[in-house]
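By convention in this document, chain letters (A, B, ...) are assigned in the order of the sequence lines, proteins followed by strands, and residues within each chain are numbered from 1. Here the structure is a predicted model, which means the values were calculated and not measured.
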Protein chains: 2
Amino acid sequence: MFLALADPTRRAVLDRLAEGPASVGELARPFAMALPSFMKHIRMLEESGWIATRKQGRVRTCTIQRRSLAAADAWLGRQRAVWEARTDRLERLVAELQEKEERE
Amino acid sequence: MFLALADPTRRAVLDRLAEGPASVGELARPFAMALPSFMKHIRMLEESGWIATRKQGRVRTCTIQRRSLAAADAWLGRQRAVWEARTDRLERLVAELQEKEERE
DNA sequence: TTCATGATGAGCCATTAGGCTAAATATCAC
DNA sequence: GTGATATTTAGCCTAATGGCTCATCATGAA
C-alpha cells in the first residue's frame with residue numbers, strides 16, 4: 001500500500017486522478033516512458049487498491065479509490081496518536097518535576 | 001520517504017519508537033533477523049528522515065523524528081483536499097441539475 | 001475491408017531491496 | 001589486558017522494481 005506511493009510516477013498519477021477519472025493513454029501522456037512500462041504502474045496502483053479501472057471499447061478508464069487514502073491516513077493517524085500521547089506524558093512529567101522544584 | 005513505510009519491519013520499528021527512544025539491539029530483538037540485515041533498515045529509516053540516531057559508547061540510540069510524519073501527512077492531506085474539492089464541485093453540480101429539473 | 005489507435009503480452013536488462021555469514025571494531029566490566 | 005557485548009563492515013545471493021523493445025489484439029473510423 002505504501003509501496004505504491006514510493007514511486008514518483010505513481011504519486012503523480014494519483015495527483016492527476018484526484019481531479020477526476022482519466023484513460024490510461026491520457027494519464028501516460030506527461031511521462032517520457034513507453035506505454036508498457038507505464039501500464040505496470042497502473043496495474044500496481046490497481047492491485048494495491050489505490051485506483052479502480054474499467055475498460056469500455058479499447059479505452060481503459062481509471063478512477064481513484066478513496067478507501068486507500070483512508071487506510072494510509074489511518075496508519076499515520078495511529079502513529080501520530082501514540083507520539084502525541086507520549087509527548088503529553090512527558091509534558092505532565094516535566095510539569096510535575098517543576099512544581100516539586102518550586103516547592104523546595 | 002514513503003519507500004521507508006513500504007516495509008513491515010520498518011513500520012514496526014516506527015511503531016515501537018513512537019513510544020520512546022530505544023537502542024538498535026533492543027529494537028532488533030523482536031525480529032528473527034540477523035543484526036546486519038536489521039541495521040540496513042535502521043540506516044534507511046535514518047536516511048529517509050524518519051528517525052535520528054546517536055551513538056554513545058557502544059550503544060546507538062534511535063529516536064523518532066516528528067518532521068517526517070508531518071511530511072507524509074502533508075502529501076495525503078493535499079490528496080484528500082483535491083479529492084474533496086472535486087467531490088464538492090460534483091455535489092454542487094448535481095444540486096444545480098436537480099433544481100433545474102424541478103423548475104421544469 | 002483496411003487502417004489507425006489504445007492497450008497488452010512476452011521477455012530482456014540493470015539496479016535495488018532485503019536477507020545471509022564471517023570477520024572487524026569499539027566499549028565496558030573485571 | 002581479557003573477555004563479553006553492541007554494533008559495524010564487507011561481500012554474497014535471490015527476487016523484485018522499473019525501464020525497454022517488438023509483436024499482438026481489439027475496436028473505431030473511413
Side-chain angles (χ1 to χ4, degrees), chain A residues 1-17 19-65 68 71-72 75-76 79, chain B residues 1-17 19-65 68 71-72 75-76 79:
Chain A
M1 233 218 42
F2 283 113
L3 183 57
L5 294 188
D7 182 272
T9 299
R10 290 191 293 264
R11 280 199 303 276
V13 168
L14 290 179
D15 276 340
R16 165 62 189 78
L17 283 180
E19 292 169 9
S23 74
V24 170
E26 203 174 327
L27 288 171
R29 202 162 308 133
F31 301 95
M33 191 185 298
L35 251 180
S37 312
F38 186 78
M39 277 296 298
K40 287 193 187 174
H41 290 301
I42 295 297
R43 196 141 339 132
M44 165 148 198
L45 283 171
E46 182 165 24
E47 278 166 11
S48 62
W50 281 100
I51 68 173
T53 78
R54 205 180 138 206
K55 190 158 186 176
Q56 308 166 55
R58 26 178 195 180
V59 176
R60 178 175 298 278
T61 304
C62 308
T63 317
I64 202 166
Q65 292 293 95
S68 290
W75 192 87
L76 290 178
Q79 193 71 11
Chain B
M1 234 217 41
F2 283 112
L3 183 56
L5 296 188
D7 182 273
T9 300
R10 290 192 293 266
R11 281 197 303 276
V13 168
L14 290 179
D15 277 341
R16 165 63 190 78
L17 284 180
E19 292 167 11
S23 74
V24 170
E26 203 173 326
L27 287 172
R29 202 162 309 132
F31 300 96
M33 191 185 295
L35 252 179
S37 312
F38 187 76
M39 277 297 297
K40 286 193 187 174
H41 290 300
I42 295 296
R43 199 151 328 138
M44 166 147 196
L45 283 171
E46 182 164 25
E47 279 166 9
S48 62
W50 281 100
I51 68 173
T53 78
R54 205 180 139 205
K55 189 156 186 178
Q56 307 166 59
R58 20 170 203 184
V59 175
R60 179 174 298 278
T61 304
C62 306
T63 319
I64 202 166
Q65 293 293 96
S68 291
W75 191 87
L76 290 177
Q79 194 72 10

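- The CD-P distance, from B:Q56 to D:dT8, rounds to 13 Å in whole Å.
- Picking from C:dA7, D:dT21, D:dT7 the nucleotide with the shortest atom distance to the side chain of A:A34 gives D:dT21.
- When the nucleotides C:dG18, D:dT8, C:dG19 are ranked by their closest atom to the side chain of B:M33, C:dG19 comes out on top.
- Residue B:R10 contributes atom CZ, which lies 12 Å from atom C1' of C:dG19 at whole-angstrom precision.
- Closest to the side chain of A:H41, from the set C:dG6, C:dG9, D:dG19, is D:dG19.
- Residues A:Q79 and B:L14 form a side-chain contact, since some pair of their non-hydrogen atoms from C-beta on lies under 4.5 Å apart.
- Using a 4.0 Å heavy-atom distance criterion, A:R29 is classed as making no nucleic acid contact.
- For the atom pair CH2 (B:W75) and CG (A:L76), the distance works out to 11.0 Å, reported to the nearest 0.5 Å.
- Distance from the side chain of A:K40 is smallest for D:dG19 among the nucleotides D:dT21, D:dG19, D:dT8.
- Listed by chain and number, the residues in a salt bridge (Lys or Arg N to Asp or Glu O under 4.0 Å) with B:E26 are B:R16 (sequence neighbours excluded).
- Computed from coordinates, the A:D7 CG to D:dA16 P distance equals 18 Å when rounded to whole Å.
- A sub-4.0 Å separation between OP1 or OP2 of D:dC20 and a side-chain N or O of A:S37 is present.
- For D:dT8, neither phosphate oxygen OP1 nor OP2 lies less than 4.0 angstrom from any side-chain nitrogen or oxygen of B:R43.
- When each of A:T9 and B:R58 is assigned the nucleotide of DNA chain D bearing its nearest heavy atom, the one mapping closer to the 5' terminus is B:R58.
- Across all strands shown, A:I42 has no heavy atoms under 4.0 Å from either base or sugar-phosphate atoms.
- In this entry the distance linking CD of B:E46 with P of D:dT8 reads 10 Å, nearest Å.
- Between the C1' atom of C:dG6 and the CZ atom of A:F38 lies a distance of 13 Å, rounded to the nearest Å.
- Between the side chain of B:R10 and the backbone N or O of B:L3 there is at least one donor-acceptor pair closer than 3.5 Å.
- With rounding to whole Å, A:E47 atom CD is found 13 Å from D:dG18 atom P.
- A:L3 places its CG atom 9 Å from the C1' atom of D:dT17, with the value rounded to the nearest Å.
- The distance from atom CE of A:M39 to atom P of D:dC20 is 14 Å, rounded to the nearest whole Å.
- Checked against D:dG18, D:dT7, C:dA7, the side chain of A:L35 finds its nearest nucleotide in C:dA7.
- The two atoms that bring A:S48 and A:M1 nearest to each other are O-CG, 4.2 Å, heavy atoms only.
- Checked by distance alone, B:R60 brings no side-chain donor or acceptor within 3.5 Å of a matching partner on the base of D:dT7.
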